[in-house]
Amino acid sequence: MPRADAQTIAASLVAWFADAARPLPWRAADVSPWAVLVSEFMLQQTQVARVVPRWEAWIRRWPTPSALAAEPPSEAVRAWDRLGYPRRALWLHRAAVEIVERHGGEVPADLDALLALQGVGPYTARAVAAFAFGARHPVVDTNTRRVIARAVAGQGEPGPPSTARDLGAMAALLPHDDVEARAFNAAAMELGATVCTARTPQCDDCPIAGACAWRAAGYPPYDGARKATQARFEGSDRQVRGLVMRELRGAHRPVMRAELAALWADAAQLDRAVAGLVADGLAVSDGEGFHLPEA
DNA sequence: GATCCGTGGGC
DNA sequence: TGCCCAAGGAT
């Protein structure tokens with residue numbers, strides 16, 4: 001795409017975002033880099049509406065990395081509640097410990113230092129660098145990938161992710177100015193989340209409809225490689241793990257294997273799920289039974 | 001690169 | 001109603 005067209009898309013999205021941005025609490029001017037980092041952990045594969053109340057409670061209770069690091073992982077897992085993928089709670093706690101140990105309790109601004117934190121990958125590292133510190137990095141999430149696929153590549157869906165390719169595509173659109181780049185990163189995500197959605201895109205409300213290659217091509221159906229479909233949840237190990245974790249969060253004492261048996265009829269699958277939780281550090285087994293990790 | 005990992009919202 | 005998908009990361 002010619003640079004001029006890229007600039008048109010960027011400028012249009014930035015202008016739109018100034019009005020259309022949802023007032024999400026972690027976008028407030030006075031939030032700390034830690035608060036931004038917490039939001040990004042919680043938002044991994046989890047919708048905004050479910051995150052907001054958990055984030056507010058979390059920041060109130062643990063306003064700094066040091067505050068979280070001072071408590072056992074079990075408290076992080078309990079506060080995570082039912083956000084899903086409880087490994088993220090464990091990783092966020094570990095990241096807080098790493099921030100205390102390696103960075104004096106201050107969230108690092110450096111991209112490589114962020115990437116080195118537990119649970120921080122290509123997306124989260126750049127999101128924190130860009131949104132918390134104002135650095136000019138391309139930030140690519142699932143929303144951004146869909147917007148680029150449609151507006152730039154003229155395809156209905158983005159196809160399988162590739163970090164290098166996706167970051168390159170976003171970098172080619174990124175405004176040179178730091179402030180503009182930050183807004184554009186947020187704007188692309190916002191458009192994908194609220195207008196250029198996966199299911200029923202609201203093209204009539206789209207600020208870049210006039211520049212959209214997919215629209216210009218007549219909305220051709222996607223015929224490229226599909227991303228792998230999620231495995232069925234009902235009856236899966238993930239379902240069993242979720243049931244066990246709910247039990248362990250609620251029980252403030254060790255839970256015996258015999259008690260867990262009430263959660264799932266298939267004993268072999270239950271054992272497999274519990275073993276997986278132990279291997280992941282989400283559950284600990286001792287002579288008394290199973291419980292959340294205390295250290 | 002393919003799989004696994006929770007929980008629930010929206011259509 | 002069941003299915004798709006969600007501000008990803010680790011292995």
Side-chain angles (χ1 to χ4, degrees), chain A residues 17 21-22 24-27 35-55 77 80-92 94-95 114-132 137-147 156-167 170 185-194 196-202 222 225-249 272-273 275-277 279-283:
Chain A
F17 186 68
R22 293 167 293 176
L24 305 178
W26 44 85
R27 285 177 175 164
V36 173
L37 180 64
V38 171
S39 78
E40 297 299 348
F41 264 85
M42 291 185 169
L43 288 163
Q44 291 169 7
Q45 292 286 281
T46 306
Q47 302 91 328
V48 166
R50 296 177 54 209
V51 166
V52 171
R54 287 295 103 219
W55 179 87
V77 173
W80 197 258
D81 198 34
R82 296 162 76 170
L83 274 181
Y85 293 145
R87 294 193 288 197
R88 293 182 294 164
L90 218 49
W91 292 342
L92 180 53
R94 191 171 310 166
L114 286 164
L115 279 168
L117 297 174
Q118 180 66 44
V120 174
Y123 165 75
T124 302
R126 287 174 178 77
V128 171
F131 301 142
H137 295 292
V139 180
V140 177
D141 77 332
T142 188
N143 294 302
T144 300
R145 281 170 23 77
R146 186 171 52 251
V147 169
E157 297 177 31
S162 158
T163 299
R165 189 172 59 237
D166 297 339
L167 288 175
M170 188 60 175
N185 277 316
M189 293 170 59
E190 187 79 351
L191 188 77
T194 62
C196 191
T197 53
R199 291 293 186 79
T200 52
Q202 311 296 309
Y222 181 69
R226 296 256 166 191
K227 52 184 170 186
T229 59
Q230 273 183 21
R232 180 181 185 81
F233 180 72
E234 283 295 321
S236 68
D237 287 3
R238 296 160 80 176
Q239 182 180 20
V240 184
R241 287 168 57 109
L243 291 170
V244 173
M245 285 305 295
R246 183 189 297 203
E247 187 74 16
L248 296 186
R249 284 196 308 266
R272 188 167 68 237
L277 292 172
D280 290 344
L282 282 166

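Lettering follows sequence order; numbering is per chain, from 1.
Side-chain N/O atoms of A/Arg199 and base N/O atoms of B/dC11 include no donor-acceptor pair closer than 3.5 Å. A donor-acceptor contact under 3.5 Å is not formed by the side chain of A/Gln44 with the base of C/dA10. Checked by distance alone, A/Arg238 brings a side-chain donor or acceptor within 3.5 Å of a matching partner on the base of B/dG6. Evaluation of atom-type donor-acceptor distances gives a pair under 3.5 Å for the side chain of A/Arg50 against the base of B/dT7.
Among the heavy atoms of the strands lying under 4.0 Å from A/Val120 are primed sugar atoms or P, OP1, OP2 only; no base atom is included. Nucleic acid contact for A/Gln230: base, since at least one base atom lies under 4.0 Å from a heavy atom of the residue. Using a 4.0 Å heavy-atom criterion, one finds that A/Leu90 contacts no nucleic acid atom at all. Within 4.0 Å (heavy atoms only), A/Pro86 reaches sugar-phosphate atoms of the nucleic acid but no base atom. A/Thr142 comes within contact range of the sugar-phosphate backbone alone, with a heavy-atom separation under 4.0 Å but no base atom that close. At a threshold of 4.0 angstrom between heavy atoms, the contacts of A/Arg54 with the nucleic acid are absent. Using a 4.0 Å heavy-atom criterion, one finds that A/Gly121 contacts the sugar-phosphate atoms exclusively. Within 4.0 Å of A/Trp80, counting heavy atoms only, lies no atom of the nucleic acid at all.
Salt bridge status for A/Glu190 with A/Arg27: present, with a side-chain N to carboxylate O gap under 4.0 Å.
One finds the CZ atom of A/Arg241 at 4.5 Å from the CG atom of A/Leu277 (value rounded to the nearest 0.5 Å). Atoms CZ and CZ, on A/Arg22 and A/Phe17 in that order, are 8.5 Å from each other to the nearest 0.5 Å.
Contact annotation: the side chain of A/Val52 approaches that of A/Pro25 to within less than 4.5 Å [non-hydrogen atoms, C-beta and beyond]. Counting only heavy atoms from C-beta outward, the side chains of A/Asn143 and A/Thr194 never approach each other to under 4.5 Å.
One C1' atom belongs to B/dG1, the other to C/dG8, and the distance between them is 16 Å to the nearest Å. Between the C1' atoms of C/dC5 and B/dG6, the separation comes to 13 Å (whole Å). Nucleotides C/dA7 and B/dA2, compared at atom C1', are 22 Å apart to the nearest Å.
Residues A/Phe233 and A/Pro160 both approach DNA chain B. Their nearest nucleotides, taken by heavy-atom distance, put A/Pro160 toward the 5′ side. Both A/Arg87 and A/Thr200 sit near DNA chain B, but only A/Arg87 has its closest nucleotide nearer the 5' end. When the nearest nucleotides of DNA chain C are assigned to A/Gly119 and A/Arg22 by heavy-atom distance, the more 5′-ward of the two goes with A/Arg22. Comparing A/Gln118 and A/Leu24 against DNA chain C, the residue whose closest nucleotide sits nearer the 5' end is A/Leu24.
Side-chain polar atoms of A/Tyr123 and A/Glu40 form a donor-acceptor pair below 3.5 angstrom. Checking A/Gln202 against A/Thr197 by side-chain atom types alone, no donor-acceptor pair falls below 3.5 Å.
Of the candidate nucleotides B/dG8, C/dA7, C/dC3, C/dA7 has the atom lying nearest to any side-chain atom of A/Arg27.
Taking 4.0 angstrom as the limit, A/Arg241 places none of its side-chain polar atoms (N or O) nearer than this to OP1 or OP2 of B/dC4.
Listed in residue order, the members of residues 123-130 of chain A having a heavy atom less than 4.0 Å from DNA chain B come to none.
Here B/dC4 presents its C1' atom at 16 Å from CD of A/Gln239, a figure rounded to the nearest Å. Going from atom CZ of A/Phe41 over to atom C1' of B/dC5 covers 15 Å, rounded to whole Å.
The number of heavy-atom neighbours closer than 6.0 Å to CZ of A/Arg232, taken from other residues, nucleotides and ligands shown, is 12 or below.
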